[in-house]
Structure formats: structure tokens, C-alpha cells
Amino acid sequence: MGKQYQTEKTGQPMNDMDALIIGEHSFHSRLLVGSGKYRDLEQTRSAIIGSGAEIVTVAIRRTNIGQNSNEPNLLSVIPPGEFTILPNSAGCYLAEDAVRTLRLARELLEGRNLVKLEVLGDAKTLYPNMPETLKAAKILIKDGFEVMAYCSDDPIQARMLEDIGCVAVMPLASLIGSGMGILNPWNIGIIIEQSHVPVIIDAGVGTASDAAIAMELGCDAVLMNSAIAHASDPVRMARAMMNAVIAGRDAFLAGRMPRHHYHGDPSSPTSGLIELNEQ
Amino acid sequence: MNNIRVNGESCKVPGGWRVSDLLLDLGHIGGRIAVERNGEIVPRSDYEQVSLQANDNIEIVSAIGGG
């Protein structure tokens, strides 16, 4: 399962101290991945290994009564001992339902309290309901959870989430599962500039350049699911995303050259040329 | 027998059954699941103590693939 990618799991940013700190946790990888929409559990694991991700989101759903309980379980292919499992409240439309779902998740994961809060406001766009998200976040934080909150790209809402104690704010690049990339880099830029907790792009990434752009903007990490799972070759795309996030982070840390809008700037010396014909 | 709801479906269970009896019957013992009874978490350590009452609303969940 994905062995060739395991051995190629090389890249960390040049600065080994460049850890991603979320709440009380520290990570090397700045790519967070979902576990949904894969062909089967084997492909799920291969892609996740290929991505180099340490944090993997899962959904919480009713068990199927009457179904064979011996069938392979997601957590047997992405064991909590090997990955940081990040349960989400995807599919919830009310704060109360999100809180219940994440309390069940904490029980399921033996007390681990790092969660992804997602409260939706609309079934067509899956746009987040920010008043309900804020309400749920307050309850969860009071109850001892470390809340990573999926949110709109509105800097004021993001600041409110930080102010009430969320450990990360996770604005959408574009609609969940849309693959449309970062539609409003300026808003994301404002959120990055003002935030004192990690800013993680969550939702909307379509391909590797989208992830690189997010990191070049200065995002702390990128979370994606469909971009990998719905690629024709998910395992290869997982590796592409790993490399894009590393490249984007390095480019951000390196500091890009200034843009010259109206003139060129030769890379070669302008003197010492052979005798040229007059122009 | 008591009428209860499990994951939204009505069912009858013998009087005196505990949460652990229900989980055993459903084949969930030892699995990675979590249980809620009438909106409150039932901690794993309480499965053998908490008895099922008529009209209880039980939710049993597990982790599945998701973003």
C-alpha cells in the first residue's frame, strides 16, 4: 500500500524548526487531508500515506444496524496511534447538533479533544453558518475542546473565532468540493495578517497550484479532501499536494522577489557585450 | 419488553437490558463506537451499568471517511 510514496516521503522545509503548532500540538506536515470519497479503504490509506499528512479528518455517522460489524473499519487503516484523527461535524446545520456530534467523537477517540467544527448554512453551497459556528465553538471550548473552525473568508468572523479561543481558523478557498481554488486571496490575506492562531485553508482547493498559492500567501496549512480523492490518480495527486505545500511554504519563507509591473530587469550583465549592430 | 429507538429505528428490547446488552446484540462490542442516550454521552465505562428505559433514544456512531 503506497510503499513507493512512503520511501519518497522526503521533503520537510529546510528549516526543521518550522513546525506547525495547533493548540498544544506540533506537526511537521502542513497538509491536512480528509478521508472521504475514496474508492476503498486501501486507496484511502495509500493516498493519505502519499500525502505525508499527519492530521486526517473523519466524519461521525450512525453505525448501520444489521450490517456486518466485522467489516473493515476506517480507523483500522488510519490508526489513531499513527495519525492525529480530526473528527469533524460535517453535515450539521445547528450548533447543538455539531456539539453533540463532536462530543460523541471525543468519546469515540478516547478523550482526544482536537476537533474540526463545521456548521453548514445551506445544502446547495455548503456555505458555513457563522452565527451557529460561533455558538457551537463557545460551547465546545467551555467543554474543554480544542476547536479548529471551518469558516467563511470574512476577516471579522475569523477574528471572532480567534477571540473566543479557537486554536485555528479555517477559511474556505471556495465552496466545499468545488475545486475552484482561492477566489478571494485578498480576504485570506487580511485574515493571515490579523490572526495569532494558525490560518488553514479548508475547502475549495482543486489542484497543486492552489495549495502552493495558499502557502505562498502565508497560510499556515491547507486542508483538502476532494482534490486528492477525486483526482484520476489520487495517490499521485496526494504526492503532488505534499510537494506543493512544501514548495509554497518554502517560497513564502524565502520571500519572493518584488514585482516590476512596467519594465523588465535583465538577468545578464548589460556591459561587456561584443560589438553590436546599432539599433 | 421496552420500545426504544436505535439510530432512528424503533425496536423492542427485553426489560432490564443494559447498554452493553444492546451493543452485544448488535455485534458492536469491542468496536470503535460511541453511544448517546437521550442526548447524553454514555461513557464506555458505563455500558454495563446504564439500563435501557422505555422510549429511550439511542444513537450509536462510528468514524467514517469524511473531510
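To find a chain, count down the sequence lines: A is the first, B the second, and so on, and within it residues start at 1.
- Rounding to the nearest 0.5 angstrom, the gap separating the CG atom in Leu75(A) from the CD1 atom in Ile64(B) is 11.0 Å.
- Residue-environment remark: CD (Glu96(A)) stays at or below the threshold of 12 foreign heavy atoms within 6.0 Å.
- Listed in order of number, the residues of residues 113-124 of chain A that approach chain B to under 4.5 Å between heavy atoms are Lys116(A).
- No other option in Glu107(A), Lys37(A), Arg100(A) has as many heavy-atom pairs under 4.5 Å with chain B as Glu107(A).
- Counting non-hydrogen atoms of neighbouring residues, nucleotides and ligands closer than 6.0 angstrom, the CD atom of Gln49(B) exceeds 12 such neighbours.
- Inter-residue side-chain proximity for Arg103(A) and Glu40(B) is flagged as unmet; no heavy-atom pair is nearer than 4.5 Å.
- Of the listed residues Thr57(A), Val33(A), Thr44(A), Asp202(A), the one with more heavy-atom pairs under 4.5 angstrom with chain B than any other is Thr57(A).
- Ser35(A) contributes a side-chain N or O that, together with a main-chain N or O of Gly66(B), makes up a donor-acceptor pair within less than 3.5 Å.
- Side-chain contact between Ser62(B) and Arg62(A) is absent, with no heavy atoms from C-beta onward closer than 4.5 Å.
- Residue contact with chain B, scored on non-hydrogen atoms closer than 4.5 Å, is absent for Ile78(A).
- If you tally non-hydrogen atom pairs under 4.5 Å between each of Val58(A), Leu32(A), Val56(A) and chain B, the highest count goes to Val58(A).
- The shortest non-hydrogen separation linking Val61(B) to Leu104(A) is CG2-CB, 3.9 Å.
- Residue Leu109(A) holds its CG atom at 7.5 Å from CZ of Arg32(B), rounded to the nearest 0.5 Å.
- Residues Leu108(A) and Arg44(B) come closest through the heavy atom pair O-NH2, 3.7 Å.
- Shortest non-hydrogen contact noted between Gly65(B) and Ala59(A) is O-CB, 3.9 Å.
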Applying side chain to side chain contact (heavy atoms under 4.5 Å, CB included) to His28(B) and Thr63(A), what does each step give before you reach the verdict?
CA-CA 9 Å; His28(B) 285 319; Thr63(A) 55; 3.3 Å; yes

